[in-house]
Amino acid sequence: MKPGEVAVISGFTEEETSAKLLEMGFLPGSAVRYNYKAPAGDPICVSVSGYDLTLRIREASTITVII
Amino acid sequence: MPVSAKQEQIALAGKPNSGKSTLFNRLTGLNQKIGNFPGVTVEKRTGVVALTSGQHLLIDLPGTYSLYARTPDERVVAEIFADHRNEHYPDKVILVADATSLKNSLLLLTQIIDLGLPVVLAINMIDLAAKSGQSIDVKKLSFALGIPIVLLNARSGEGIDDLKKILGGPIQPSSRKIFETDQEFLPTVNAVRQKLLLRSEYEAYHFLQQSGHIPDADERQYVQSEANRGGFYPGKYQGAETIHRYKYIQDLLNEVITRAPDPARKKISHNIDRVLTHRLWGYAIFFAILFLIFQAIFAWAEVPMDLIDTSFARLGAWLNSVLPTGPLFDLLSKGIIPGIGGIVIFIPQIAILFGFISVLEETGYMARVVFMMDKVMSRFGLSGKSVIPLISGWACAIPAIMATRTIESWKDRLITIFVTPFMSCSARLPVFAILVALTIPDTALLGFINLQGVVLFGLYFLGLLAALLTALVLKLIIRTRERSFFIMEMPAYRVPAWKNVGYTIVEKTKSFVFGAGKIILAISVVLWLLASFGPPGEMERAEQSAVNHPGYASLSSQEQHDLIAAAKLEHSYAGIVGRSIEPVIRPLGYDWKIGIALVTSFAAREVFVATMATIYSIGSAEDETTVRNRLASEVNPETGGPRFTTAVGMSLLIFYTFAMQCMSTLAIVKRETGGWKWPVLQLLCMTSMAYLCALAVYQALA
């Protein structure tokens, strides 16, 4: 995904990380918007369920999305 | 704190940044106490709140999104709520929610409802939600959840009286059950519930889910065997539960949120972020803020510090003049008073630094710093969240190490704890100040840059460099399979609540004064004892030989007094220690007198100046210029030149930059890491680094 894009979460590839992601509101079926990335390229800032969250690219890469 | 059987306990829970602390301060005022939860190192804030039904104990719990804990802070919340036998199991709960992000604020609430706890939902930051155009049908929400709800603006105090009124009366637990245990596991859950006499099905469910954390060994074994028998795998159903709960919350919110927030407001925050996290401006602004903080710690704090310094010197001198002579009064005027002065003098710097950090956190800027620095820090085995402890380390390592608790990954946290003491804390400053002034030539580089300033700045930079490089080494040594997480909410920008800033300053300063203070004071007294007494007869012989010294009679009475004091010191217990370590420190350019100061400053660095003052027989250690003059005139008997040459000075400066010389820090590291292994390693690593670097510097310069 590129900054500014919106996608729908379809699932997770890693169970361990998914538990935390789910708690933070990354729910399958909800929309996620990629806002911007940190100056060094990692982590990134996204909007999901109506608020802004930051996460590392490694964590974000365990989320599968449909654009 | 012992809790009387009758006093009702009210717990304050909620996700991070929901304004819990602001509400806590509102409800209790200055009537609060900071301690630790039993057995763990999580800070516990309790206070007394006066309600119509009497005085109640309010406990501020660490922020968490759910009962499934990942950090020690979060575990405390799970232990208190999901075990009704816990000492702090509350009679009532206030769940603080953030009105601007209700969805993830309510996850914990649904768990608390399922546990059957009487809870009030306090929807905070209602002003921000109103500004964004959002409106909530509170009656409907309250009916649907079966619990009382209050709308709050904890900053302005709006809604506080309503909340107090509700808390003063009886609160019934909700009759709703949001999460139903899967039919398959119902027999297992019910068996655990009946055997352990648990209050709700969900409490039993949690015992099964988090069975690894049950404190009692027999119970743990029972629950685990029961889980095995029923085919229940802890943690496996957590995702399904969370999805179920969020579905419930979303359905509920769709009904009660009558107008959705206007997305345009988010834009403003994103636009500010575009500047503050810009690849160029972002770092430039961050370093400008750091510079400002530095300036404040060193320049602004000087005035109150000087004031404290002279007041304590005067107090000591005054006591000395009014009290009769005798060892006990000597202890008071030369041991205890300078000891207390040595603690109080750091208050301005610590207060200023924590004032700044608190403002940066309150405004939401700190979250951006963490965001910007994460990548850089992760190269060194640290996390973006390590930035706050490292910056705090410039004031004092003790609160800095306590601030590492927000770091979720144990490895990241351990490394941060390990390297934080390399950051040059304010206790090093008086040592640096006197040695730089004494041994570094006061010349200008390129016409306008002061060499002494450059050296001082260089030492701070060296400390930071040592911290980062040590972290890098540890990153390679410590192996872990644990995943580090960096998922956090980016709070909206806002004007700081000044009251909260004030409370933070008072709290942090208090914890320094009473934490580190005790040790510094104890050391001052012990040092005084060691320096004042010696093996029987030795001291008298020393005094006699000083008096018999040729030319003694021609000295002024002050000089005679100094000579006797110096001779006595050399034969005191402290002097014996100093002379016995002399062979070890001679290659660094130090003599036995510096040795005494080194030994005593292993308890606390700042004791160095006071020790040097005592050793070089000066009446009062408080006046730095006198200490400096005395040190400058000290002659090295071997060379005939001054004792404190640039080589000796640099060697000492390097030693103090790296060495682990703070008992309070070691004590806190032991507490935070749960054993002696890490503090001992830290002591050995830092001190050997200090010794080797100081040795290299001295040998190169001498």
Side-chain angles (χ1 to χ4, degrees), chain A, chain B residues 15 64-66 68 70 98 100-105 107-108 134 235-236 238-243 245-247 249-250 253 260-261 263 266 269-270 273-274 277-283 367-368 370-376 378-379 383-384 408 482-492:
Chain A
M1 281 174 80
K2 288 192 205 88
E5 275 184 343
V6 180
V8 175
I9 299 169
S10 58
F12 305 96
T13 58
E14 227 181 65
E15 190 171 332
E16 204 187 334
T17 317
S18 78
K20 174 78 182 171
L21 288 168
L22 279 169
E23 268 177 15
M24 301 295 286
F26 288 90
L27 299 165
S30 55
V32 56
R33 181 180 186 277
Y34 182 2
N35 295 323
Y36 51 84
K37 57 186 177 195
D42 194 10
I44 60 168
C45 173
V46 302
S47 294
V48 69
S49 299
Y51 37 82
D52 295 346
L53 292 168
T54 65
L55 68 168
R56 292 196 182 126
I57 302 248
R58 203 206 64 76
E59 290 147 3
S61 67
T62 67
I63 309 171
T64 56
V65 293
I66 303 164
I67 299 179
Chain B
K15 66 165 195 168
T64 179
Y65 289 89
S66 95
Y68 291 102
R70 262 173 215 89
D98 174 354
T100 62
S101 64
L102 265 183
K103 197 169 162 181
N104 66 3
S105 302
L107 183 66
L108 181 62
Q134 181 183 264
K236 199 181 171 190
Q238 191 190 334
E241 183 189 332
T242 309
I243 291 175
R245 289 183 187 281
Y246 265 127
K247 189 177 174 311
I249 293 166
Q250 190 58 57
L253 292 180
K266 273 258 154 74
S269 188
H270 286 173
D273 277 346
R274 203 156 290 164
T277 64
H278 187 268
R279 63 179 64 214
L280 189 69
W281 296 120
Y283 291 115
R368 274 75 189 180
V370 168
F371 178 67
M372 269 198 301
M373 299 302 286
D374 186 60
K375 179 86 183 183
V376 184
S378 69
R379 292 229 172 96
S383 146
E408 297 188 6
E482 172 200 43
R483 278 277 151 74
S484 81
F485 283 109
F486 188 78
I487 309 168
M488 55 166 211
E489 212 169 319
M490 200 72 130

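Both backbone and side-chain heavy atoms feed into the values below; hydrogens, waters and symmetry mates do not. Owing to the predicted nature of the structure, the values given are computational and were not obtained by experimental measurement. Quick note on labels: first sequence line is chain A, next is B, and so on, each numbered from 1.
- Proximity to chain B (any heavy atom under 4.5 Å) is shown, for A:T54, by both the backbone and the side chain.
- Under a cut-off of 6.0 angstrom, the local environment of NZ in A:K20 is crowded, with over 12 non-hydrogen atoms contributed by other residues, nucleotides or ligands.
- Going from atom CD1 of A:I44 over to atom CZ of B:F371 covers 8.0 Å, rounded to the nearest 0.5 Å.
- Rounding to the nearest 0.5 Å places CG of A:L22 at 11.0 Å from CD of B:E241.
- Of all heavy-atom pairs spanning A:P39 and B:H278, the tightest one is CG-O, 4.1 Å.
- In this structure, the separation between OG on B:S66 and CE on A:M24 is 10.5 Å, given to the nearest 0.5 Å.
- Note: B:N104 leads B:N104, B:V376, B:T242 in heavy-atom pairs under 4.5 Å with chain A.
- No side-chain heavy atom of A:Y51 sits under 4.5 Å from any side-chain heavy atom of B:T100.
- Put simply, of B:M488, B:E489, B:M490, B:K103, the one with the most heavy-atom pairs under 4.5 Å next to chain A is B:M488.
- Of the atoms belonging to A:N35, it is side-chain heavy atoms, and not backbone ones, that fall under 4.5 Å from chain B.
- Surrounding CD of A:E5 are more than 12 heavy atoms belonging to other residues, nucleotides or ligands, all under 6.0 Å away.
- Counting heavy-atom pairs under 4.5 Å between each of B:Y283, B:Y246, B:Y68, B:Y65 and chain A puts B:Y246 at the top.
- How far NZ of B:K15 is from CD of A:E23: 13.0 Å, rounded to the nearest 0.5 Å.
- Considering CG of B:D374 and CZ of A:R56, their distance stands at 4.0 Å, rounded to 0.5 Å.
- Only the side chain of B:Q238 comes within contact range of chain A, judged by heavy atoms closer than 4.5 Å.
- Using a 4.5 Å cut-off between heavy atoms, B:S383 contacts chain A through both its backbone and its side chain.
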Please report the C-alpha distance between A:S47 and B:H270 in whole Å, then the side-chain angles of each, then the deciding distance to 0.1 Å, and finally whether the side-chain contact (heavy atoms from CB on, under 4.5 Å) criterion is met.
-> CA-CA 11 Å; A:S47 294; B:H270 286 173; 4.1 Å; yes
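- Proximity to chain A (any heavy atom under 4.5 Å) is restricted, for B:L107, to the side chain, taken from C-beta onward.
- One distance of note links CG of B:D273 with OH of A:Y36; it measures 3.0 Å at 0.5 Å rounding.
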